[in-house]
Amino acid sequence: MTAPLPIKTVATKPFNDQRPGTSGLRKKTRVFQQPHYLANFVQSIFSSLEGFAGKALVVGGDGRFFNREAIQLILKMAAANGFGEIIVGRSGILSTPAASAVIRHDKAFGGIVLSASHNPGGPDADFGIKYNISNGGPAPEKITEAIFAHSKAIESYKTVEAADIDIDSLGETFIGATKVRIIDPVAIYRDLMASLFDFAAIRALFASGFTMKFDAMSAVTGPYAKAILEGDLGAAPGTVLNGEPLPDFGHHHPDPNLVHCKHLYDLAMSDASPDICAASDGDGDRNLVIGRGQFVTPSDSLAIIAANAHLAPGYKSGIAGVARSMPTSAAADRVAHKLHVGMYETPTGWKFFGNLLDAGKVTICGEESAGAGSNHVREKDGLWAILMWLNVLAARKQSVKEIVRAHWAEYGRNYYSRHDYEEVATEGANALVAALRAKLPTLAGQQFGALTVESADDFAYLDPIDGSMSRQQGVRILFAGGSRIVYRLSGTGTSGATLRVYIERYEPDAARHDLETQAALADLIALAEQLADISKHTGRDKPSVIT
Ligand code: G16
């Protein structure tokens with residue numbers, strides 16, 4: 001240890017746009033690069049916390065442009081604010097689930113994750129920062145609102161004068177009295193995965209000729225996937241595509257959806273398809289799974305994981321319950337019902353699962369936005385979901401397609417699609433939602449063609465553990481028979497507004513499980529436009545992304 005360094009107090013003025021969204025603060029990189037902008041937010045985080053003096057903070061990110069500079073700033077400010085130790089992933093790399101795993105493993109006070117997730121990176125793209133608490137999960141609204149309150153009143157922040165730390169070499173060093181420990185970003189996470197899944201069975205699967213392509217999208221999961229899939233599990237070299245994290249993700253948009261991973265979808269639908277294609281996003285918490293000839297929707301993936309988790313050693317005694325975000329399809333509800341375990345419907349945002357996981361109410365959580373995870377960490381986890389699929393494939397000795405088909409035959413199929421209208425004018429988007437809200441009391445009982453509205457509301461969530469209430473979490477229109485239309489505005493965009501329309505129809509009859517999704521949902525899609533006047537309010541006649 002070296003002597004504490006003198007604390008330097010830097011005068012600053014508030015920015016008025018630092019309210020964290022669905023998952024931390026996400027803005028254009030250039031916004032973060034303005035003088036004092038990042039420092040203000042980091043000080044607002046620290047000023048919102050109590051009792052961290054001498055304790056450990058985990059810091060890492062997805063390696064995007066500005067990651068390294070941001071880490072140097074955070075190291076000095078964390079030292080000035082009194083943290084005892086800062087644990088940093090080598091070269092500033094920690095996937096979001098790995099950061100959660102490290103916080104839990106090392107019993108840190110909390111962590112700062114630098115990422116704008118699936119948004120592109122680079123000087124003209126996006127950057128982001130979020131705070132995770134000691135359970136490893138995103139800060140709950142109580143803390144994010146306190147951060148916002150501090151950011152509006154901030155007059156100064158604390159830092160120290162110190163040389164930049166070498167974050168590329170493993171080992172320990174000091175900033176004054178604060179220890180800085182540079183760790184292997186993969187090791188703790190890799191051990192955790194080995195403790196949950198039957199690596200021997202998955203190794204045998206690969207040894208028997210099973211083939212896979214995993215696209216790391218030049219983002220954070222490359223090193224994790226190479227170590228686990230090609231290293232521990234013996235997948236053929238070349239299984240991992242785009243495995244080197246790049247600051248601009250190689251100019252790609254690291255969102256593992258059917259638009260940005262169309263090449264994987266096309267491969268999976270071709271004669272040359274491997275047994276499974278998969279991908280993860282910028283910070284490694286989202287996943288995409290496509291079997292040979294079979295795309296798995298995130299909502300179906302959650303349901304199938306919940307139904308089969310007992311096949312993985314870490315879950316062999318069964319699951320306590322399942323949670324899903326409200327817009328996620330009800331496919332998992334049917335599994336929870338059959339297993340006689342609890343089912344929870346939360347607002348969008350992984351932070352809402354933390355209390356349920358901590359209280360032992362649920363084991364598996366998931367979202368339509370390509371996220372699934374369990375109580376092993378407090379974030380969604382892309383590679384975890386893919387390893388779970390590999391474990392299930394190894395145990396059931398069936399293809400992805402056979403497993404999906406059998407699931408639908410047993411539980412019925414929830415046809416599901418999300419239509420996004422990205423970067424539309426905020427005013428129009430707000431007007432659309434306001435008009436819908438005004439309509440809500442009149443909708444119940446109305447008939448639209450074959451569809452009868454059963455109920456309509458603006459989703460509100462009462463957290464059963466801490467009693468907190470979150471209102472206005474999405475407009476739901478529920479129809480007799482289990483069909484739904486849900487509208488909400490994204491909380492993760494960085495310019496304008498993004499309208500998300502979620503459309504779902506339940507089909508119990510296995511003879512009708514082969515329809516093309518958009519065709520199966522056609523009447524609901526038309527009604528979604530009619531009820532919300534989407535084209536009038538957004539000026540768009542079709543969505544920019546369909547997932
Ligand atoms: C984040 C949140 C997720 C949420 C998703 C989409 O994911 O962690 O809980 O479902 O955004 O949110 P929205 O619909 O508000 O844009 P990620 O992968 O971006 O961190």
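As the structure lists them, so they are numbered: ligands from 1, and atoms in each ligand from 1.
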Asker: So if I only count non-hydrogen atoms and take anything under 4.0 Å from ligand 1, which residues does that give, chain by chain?
Answerer: Thr22, Ser23, Arg26, Ser117, His118, Asp281, Asp285, Arg286, Thr348, Gly349, Trp350, Glu367, Ser369, Lys380, Arg488, Ser490, Gly491, Thr492, Arg500
Asker: Can you name the residues that form a side-chain contact (heavy atoms from CB on, under 4.5 Å) with Ala98, not counting sequence neighbours?
Answerer: Leu94, Ser95, Tyr189, Tyr224
Asker: Among Lys439, Arg471, Arg476, find the residue that satisfies the salt bridge (Lys or Arg N to Asp or Glu O under 4.0 Å) test when tested with Asp457.
Answerer: Arg476
Asker: Is there a donor-acceptor pair under 3.5 Å between the side chain of Asn287 and the backbone N or O of Ala385?
Answerer: no
Asker: I'd like to check the side-chain contact (heavy atoms from CB on, under 4.5 Å) partners of Ala307; sequence neighbours left out, ordered by chain and number.
Answerer: Val335, His407, Tyr411
Asker: Name all residues meeting the salt bridge (Lys or Arg N to Asp or Glu O under 4.0 Å) criterion together with Lys542; count only those two or more places apart in sequence or in a different chain, and write none if there are none.
Answerer: none
Asker: For His337, look at atom NE2 and say whether over 12 heavy atoms of other residues, nucleotides or ligands are found less than 6.0 Å away.
Answerer: no
